[in-house]
**Student:** 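My questions will all concern the structure given below.
Predicted, not measured: the structure shown is a model, and the values here were computed from it.
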Amino acid sequence: MPRPTPAQYATGTATVVLATLALLLLTGTTGGAGVALIAAAALGLGLGAACAVPRARPVAPAGTRGEAVRRHAGVALPGGERGLRG
């Protein structure tokens, strides 16, 4: 399983904190059960926001255009750059 990116951590954390504060202020909840429910809802929103942030695409290693095309197509040529003509 890939690790989360810093952007995903930041987005998820900001969503949890802001959603918790907004929900607590809007509902006026002071009881323990209500606060726990709001915290669980905010965690769910934060998880959803973090998952919605796109992952960075891996950078292709340097090489010739032919190598990149073969690597993308998943073709492995024995002998390296000889190709079909040998």
Side-chain angles (χ1 to χ4, degrees):
M1 181 173 179
R3 304 188 115 217
T5 64
Q8 288 175 314
Y9 277 124
T11 304
T13 301
T15 302
V16 169
V17 171
L18 294 176
T20 303
L21 287 175
L23 288 171
L24 286 173
L25 290 174
L26 288 174
T27 61
T29 303
T30 56
V35 171
L37 181 64
I38 288 174
L43 284 174
L45 287 172
L47 180 62
C51 290
V53 174
R55 292 192 168 275
R57 295 168 63 185
V59 178
T64 65
R65 185 177 189 285
E67 289 173 351
V69 169
R70 284 193 299 277
R71 200 171 24 253
H72 179 70
V75 177
L77 293 179
E81 287 295 317
R82 291 184 311 178
L84 296 176
R85 297 189 181 164

**Student:** I need the L47 CG to T11 OG1 distance, nearest 0.5 Å.
**Tutor:**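 With rounding to 0.5 Å, CG (L47) is 12.5 Å from OG1 (T11).
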
**Student:** Looking at every non-hydrogen atom in both residues, tell me the closest pair between G12 and A50 and how far apart they are.
**Tutor:** CA-CB, 4.1 Å

**Student:** Quick one: CD on Q8 to OG1 on T13, what's the gap to the nearest 0.5 Å?
**Tutor:** 11.0 Å

**Student:** What's the shortest heavy-atom distance between A49 and T15, and which atoms?
**Tutor:** CB-OG1, 3.4 Å

**Student:** Over all heavy atoms of both residues, which pair between V16 and G46 is shortest? Give the atoms and the distance, please.
**Tutor:**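 Distance-wise, the nearest heavy atoms are CG2-CA, 3.7 Å.
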
**Student:** Measuring from atom CG of L18 to atom CG of L45, what distance do you get when rounded to the nearest 0.5 angstrom?
**Tutor:** 11.0 Å

**Student:** Return the minimal non-hydrogen interatomic distance between I38 and T27, and the atom names on each side.
**Tutor:**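 Looking at all heavy atoms of both residues, the closest pair is CD1-OG1, 3.4 Å.
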
**Student:** Could you pull out the closest heavy-atom pair between V53 and A7, with the gap in Å?
**Tutor:** CG1-CB, 4.1 Å

